[in-house]
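Given the structure is predicted, the values throughout are model-derived calculations rather than measurements.
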Amino acid sequence: MKGVMKLNEIRLGNKILHEGKIYTVDAKMMYAFFSGKIDYDIDNFEPIPLTEEWLIEKMKFHKQNNQIYSIGLKLFISWWNTNSIEIDINGEVLIINCKYVHELQNIYFALTGEELELKVDALQ
């Protein structure tokens, strides 16, 4: 089942899918989404499901043990391949609904003030 993209969840730099190809949201795309241009209709795009492959191979997360992943020393997440993740940032634990890559990108930015870097060569 195709996921639904919501305009209020999209940020510059988010990774999204269109016809099986990964796109990075840029200013031109954002303008087209909000102006309703047909060639960039948000309904033609879909979110990328958050998977272990994305966490390890495409993001800079390292698997600590069974379901714990870390990025640097500041953020640890517990991910059980469900719709929610448990985030431990500096000892504060949050449970957040998160099942798509762009959602984790946005959460990471909101918590750290930094973009979640992706391994560009692994996006193909």
Side-chain angles (χ1 to χ4, degrees):
M1 181 178 169
K2 181 178 171 181
V4 176
M5 300 292 302
K6 297 177 186 171
L7 280 178
N8 64 350
E9 295 178 349
I10 304 298
R11 289 183 53 253
L12 292 174
N14 281 162
K15 303 298 181 199
I16 58 177
L17 284 174
H18 176 62
E19 297 180 355
K21 184 176 177 191
I22 297 169
Y23 287 84
T24 300
V25 176
D26 60 13
K28 177 183 174 184
M29 193 178 283
M30 287 292 284
Y31 173 77
F33 285 154
F34 282 96
S35 66
K37 294 200 181 266
I38 286 293
D39 54 338
Y40 281 102
D41 184 350
I42 192 68
D43 292 335
N44 293 329
F45 289 81
E46 59 186 292
I48 300 168
L50 186 60
T51 63
E52 186 173 72
E53 176 188 10
W54 269 90
L55 287 172
I56 294 173
E57 295 177 21
K58 296 180 170 118
M59 298 177 180
K60 294 184 177 183
F61 282 89
H62 303 281
K63 192 167 188 173
Q64 301 292 109
N65 62 35
N66 205 18
Q67 285 97 15
I68 308 294
Y69 302 83
S70 67
I71 188 160
L73 296 174
K74 55 174 107 172
L75 186 78
F76 296 87
I77 67 170
S78 299
W79 179 73
W80 295 277
N81 196 14
T82 64
N83 290 348
S84 65
I85 59 174
E86 183 177 297
I87 297 175
D88 181 332
I89 183 165
N90 298 326
E92 296 290 326
V93 177
L94 307 164
I95 297 175
I96 299 175
N97 184 27
C98 180
K99 60 182 183 175
Y100 299 115
V101 169
H102 76 280
E103 292 173 334
L104 184 56
Q105 287 181 282
N106 296 348
I107 291 165
Y108 184 84
F109 182 80
L111 293 173
T112 67
E114 299 172 6
E115 295 295 336
L116 181 56
E117 293 183 37
L118 301 173
K119 297 177 183 176
V120 177
D121 58 329
L123 291 179
Q124 305 311 326

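Residues Phe61 and Leu104 are in side-chain contact: their nearest non-hydrogen atoms beyond the backbone lie under 4.5 Å apart. Counting heavy atoms from C-beta outward, Ile16 and Met29 have side chains that approach closer than 4.5 Å. Two residues are said to be in side-chain contact when any heavy atoms from C-beta on lie closer than 4.5 Å; Val101 and Met59 meet this criterion. Taking the side chain as every heavy atom from C-beta outward, Leu55 and Ile77 approach each other to under 4.5 Å.
No continuous path of hydrophobic side-chain contacts links Phe34 to Tyr31 [ILVMFWY only; heavy atoms under 4.5 Å]. With hydrophobic clusters built from ILVMFWY side chains whose heavy atoms lie under 4.5 angstrom apart, Tyr69 shares a cluster with Leu111. Taking hydrophobic clusters as Ile, Leu, Val, Met, Phe, Trp and Tyr residues chained together by side-chain heavy-atom distances below 4.5 Å, Val93 does not share a cluster with Phe76. Under the 4.5 Å side-chain heavy-atom criterion for ILVMFWY residues, no single connected hydrophobic cluster contains both Phe109 and Val25. Residues Ile56 and Ile48 are members of one and the same hydrophobic cluster, defined by side-chain heavy-atom contacts under 4.5 angstrom among Ile, Leu, Val, Met, Phe, Trp and Tyr.
Here the OG-CD1 distance, from Ser78 to Ile95, works out to 9.0 Å after rounding to the nearest 0.5 Å. Atom CG of Asn14 sits about 8.0 Å away from atom CE of Met30, to the nearest 0.5 Å. In this structure, the separation between CG on Leu116 and CG on Leu118 is 5.5 Å, given to the nearest 0.5 Å. For the atom pair CG (Leu17) and CE (Met5), the distance works out to 9.0 Å, reported to the nearest 0.5 Å. Rounding to the nearest 0.5 angstrom, the gap separating the OH atom in Tyr23 from the NE2 atom in His18 is 5.5 Å.
Taking both residues in full, the closest heavy atoms of Ala27 and Leu12 are given as N-CD2, 3.4 Å, listed atom of the first, atom of the second, then distance.
Between the side chain of Glu103 and the backbone N or O of Lys99, at least one donor-acceptor pair lies under 3.5 Å. The backbone N or O of Glu9 sits less than 3.5 Å from a side-chain atom of Asn106, completing a donor-acceptor pair. No side-chain donor-acceptor contact under 3.5 Å links Glu117 to the backbone of Lys60. For the pair His102 (side chain) and Ile10 (backbone), a donor-acceptor distance under 3.5 Å is absent. Between the side chain of Gln64 and the backbone N or O of Ser70, no donor-acceptor pair lies under 3.5 Å.
Residues satisfying the salt bridge (charged side-chain N to carboxylate O under 4.0 Å, His left out) criterion with Glu86, sequence neighbours excluded, are absent altogether. Under the salt bridge (charged side-chain N to carboxylate O under 4.0 Å, His left out) criterion, Lys63 pairs with Glu52, not counting sequence neighbours.
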